[in-house]
Amino acid sequence: MADFSDLTLDVAKLRRDFPILDREVHGKPLIYLDNAATSQTPRQVIEVYDDYYGRYNANIHRGLHTLSDEATAAFEGTRETVRAFLNAADHREIVFTRGTTEAINLVANAWGRANLKAGDEVLISRLEHHSNIVPWQLLAGELGFTIKVIPVDERGVLDLAAYRDLFTERTRLVAVNHVSNAFGTVNPVAEMARVAHEHGARILIDGAQAAPHQAIDVQAIDADFYAFSGHKVYGPTGVGVLYGRAELLEAMPPWQGGGEMIKTVSLEVPTTFADIPHKFEAGTPAIAEVIALGRALRWVSDIGLDLIGAWEARLLEHATEGVAGIEGLRILGTAPDKAGVLSFVVDGAHSQDIGLLIDQLGVAIRTGHHCAQPLLSQFGLDATCRASFAAYNTPEEIDVFVEGLERVVGMLR
């Protein structure tokens, strides 16, 4: 089984930051293995809400009073935290959104409408989450461009040779995830960006599943756009980030109109817009959530993403070895480079039944299509079970999961 002895992560200490891990479910200690959907939140992030609403709740940017100044400083401080987290060149390249989905829709509606037309091509992969498929389908239906799909092999690995062959002189954009939420495949996004740029195309990277597991350097990747969500990286729901190259953001029109994103508004002459990034942040934002996101990213950075990633890789190894002996179980996604995601099906047992029964043992996993229906359809499936790991999970929890899964499968077969 996997050896954890050389890793210095103090998981027992780390777990004390998460009050929810003390609760029981159906009389059993909670074992939370649904982190790819939403990670749990440390008390340091939870405390941000009490601090903000109890001490300096005010609207930002517009006020001259002390509370507004303090809220603005905390809000904009998070922008710098995110810039450092992604190693962006400029804090102006960081746009706050409601999450990865909104960030992708922003690019589709602002950059896409200005740069795509009938006859153009957008490349996506079969590994994509629906949020990186549907916006492009909607826009293609309006503008008439073509969506071409990068194939995936039986391991869940993108076919890079086929990817290169898909490019033509009409290819304008590649939209691909960094890590597959369904299979855990880590895609070679730096190489994919290099190929895209060789052909004069831009690349948008869905980093929702990468941000919690590995250090991200948008300059080293050479990303044009990069998006992630707060709630998957130990932060709050309802907030996320779009990174965009400054020159691209500056050239893009606003997507939503309202307050904060303007310089001047007149009923007689055209409205003029704020500088980036505020041009894309219409209205009052989720102020507390943005500040809490900053605290979550500092919490992650203090531990170290390299250490977190190494720990989760051992958990994945431990779980993969543990389930290998379960009769009829088949793992989906066997890429050589994976994040902490274990997707599987069991012959003769429905994924939903497995999820419901193992929940009775206090174990939370995800079942269903994981918003990746095109991927699962390639394998003749409409659902899998998915266990996904975070820094606070332990080998002992994996052992309970495996033992419980064996019991559940025995009941269903």
Side-chain angles (χ1 to χ4, degrees), residues 37-38 79 82 86 93-117 120-125 127-149 172-181 189 196 201-211 218 223-233 235-245 248-261 273-274 276-286 289-290 293 370-374:
T38 292
R79 203 183 305 275
V82 175
L86 297 177
E93 297 177 319
I94 305 304
V95 178
F96 292 120
T97 68
R98 290 184 299 151
T100 304
T101 297
E102 184 174 77
I104 294 170
N105 277 273
L106 191 163
V107 175
N109 283 278
W111 183 90
R113 288 186 184 279
N115 291 277
L116 298 173
K117 60 184 180 300
D120 287 345
E121 299 166 352
V122 170
L123 307 188
I124 64 173
S125 86
L127 284 173
E128 300 312 306
H129 188 282
H130 294 168
S131 62
N132 204 21
I133 299 174
V134 178
W136 305 112
Q137 290 177 330
L138 291 172
L139 196 60
E142 293 183 39
L143 302 183
F145 62 82
T146 299
I147 296 174
K148 298 168 74 173
V149 180
R172 300 288 180 259
L173 178 73
V174 176
V176 66
N177 58 35
H178 197 162
V179 174
S180 164
N181 74 301
V189 290
R202 299 297 184 181
I203 186 166
L204 177 149
I205 301 169
D206 169 359
Q209 297 295 331
V218 292
D224 295 304
F225 301 102
Y226 196 100
F228 72 93
S229 299
H231 70 102
K232 297 184 190 296
V233 63
T237 59
V239 66
V241 168
L242 172 67
Y243 158 82
R245 292 183 188 273
L248 295 178
L249 295 178
E250 286 171 341
M252 287 159 52
W255 176 34
Q256 296 176 322
E260 190 60 34
M261 49 75 69
F273 302 114
I276 62 170
H278 301 112
K279 178 170 67 172
F280 301 105
E281 295 178 353
T284 298
E289 285 72 17
V290 167
L293 170 62
H370 316 299
C371 292
Q373 287 178 305

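- Between V174 and A196 the shortest heavy-atom distance is CG2-CB, 4.0 Å.
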List the steps, then state whether side-chain contact (heavy atoms from CB on, under 4.5 Å) holds for T101 with N132.
CA-CA 8 Å; T101 297; N132 204 21; over 6 Å; no
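- The OG1 atom of T237 sits 7.5 Å away from atom NE2 of H231, with the distance rounded to the nearest 0.5 Å.
- Using a 4.5 Å cut-off on side-chain heavy atoms (C-beta onward), F96 and P285 make no contact.
- The CG atom of D206 sits 11.5 Å away from atom CD1 of I124, with the distance rounded to the nearest 0.5 Å.
- Residues I203 and A223 come closest through the heavy atom pair CG2-CA, 4.2 Å.
- Counting only heavy atoms from C-beta outward, the side chains of F228 and L86 approach each other to under 4.5 Å.
- You'll find the side chain of E281 reaches within 4.5 Å of the side chain of V95, heavy atoms only.
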Any chance you could lay out the side-chain contact (heavy atoms from CB on, under 4.5 Å) test for W111 and L116, step after step, and finish with the verdict?
CA-CA 8 Å; W111 183 90; L116 298 173; 4.0 Å; yes
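- For H130 (side chain) and Q373 (main-chain N/O), a donor-acceptor pair under 3.5 Å exists by modelled atom type.
- Counting heavy atoms from C-beta on, the side chains of P277 and R79 come closer than 4.5 Å.
- The shortest distance between side-chain heavy atoms of L173 and W136 falls below 4.5 Å.
- With hydrogens and angles disregarded, no donor-acceptor distance shorter than 3.5 Å links the side chain of N181 to the backbone of A37.
- Interatomic distance, CZ of F145 versus CG of D120, reported as 8.5 Å (0.5 Å rounding).
- P254 approaches F280 most closely through the heavy-atom pair CA-CE2, 4.1 Å.
- Looking only at distances, a side-chain donor or acceptor of N109 sits under 3.5 Å from a matching main-chain atom of N105.
- The structure places CZ of F225 at 9.5 Å from CZ of R245, a figure rounded to the nearest 0.5 Å.
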Might you work through the side-chain contact (heavy atoms from CB on, under 4.5 Å) test for T284 and E260, ending with a clear yes or no?
CA-CA 8 Å; T284 298; E260 190 60 34; over 6 Å; no
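- In this structure, the side chain of H370 does not engage the main chain of A372 through any donor-acceptor pair within 3.5 Å.
- Closest heavy-atom contact between G207 and H178: CA-CB, 4.2 Å.
- For T100 (side chain) and S229 (main-chain N/O), a donor-acceptor pair under 3.5 Å exists by modelled atom type.
- Atom CG of residue L123 and atom CZ of residue R172 lie 11.5 Å apart, to the nearest 0.5 angstrom.
- Heavy atoms only, all atoms of each residue included: S180 and Q209 are closest at C-CG, 4.4 Å.
- Here the closest non-hydrogen pair linking P253 and A114 is CD-CB, 4.1 Å.
- Panel note: side chain K279, backbone E250; a donor-acceptor pair is recorded below 3.5 Å.
- Counting heavy atoms from C-beta on, the side chains of I133 and P374 come closer than 4.5 Å.
- Rounding to the nearest 0.5 angstrom, the gap separating the CH2 atom in W255 from the CD atom in E102 is 5.0 Å.
- Annotation: side chain of V122 is not in contact with side chain of T146 (no heavy-atom distance under 4.5 Å).
- Between R113 and E142, at least one side-chain N (NZ, or NE/NH1/NH2) sits under 4.0 Å from a carboxylate O, which counts as a salt bridge.
- The closest side-chain heavy-atom distance from H278 to I276 is not below 4.5 Å.
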I'd like to know whether I205 forms a side-chain contact (heavy atoms from CB on, under 4.5 Å) with Y243, so could you lay out the CA-CA distance, the side-chain angles of the two residues, the decisive distance to 0.1 Å, and finally the verdict.
CA-CA 10 Å; I205 301 169; Y243 158 82; over 6 Å; no
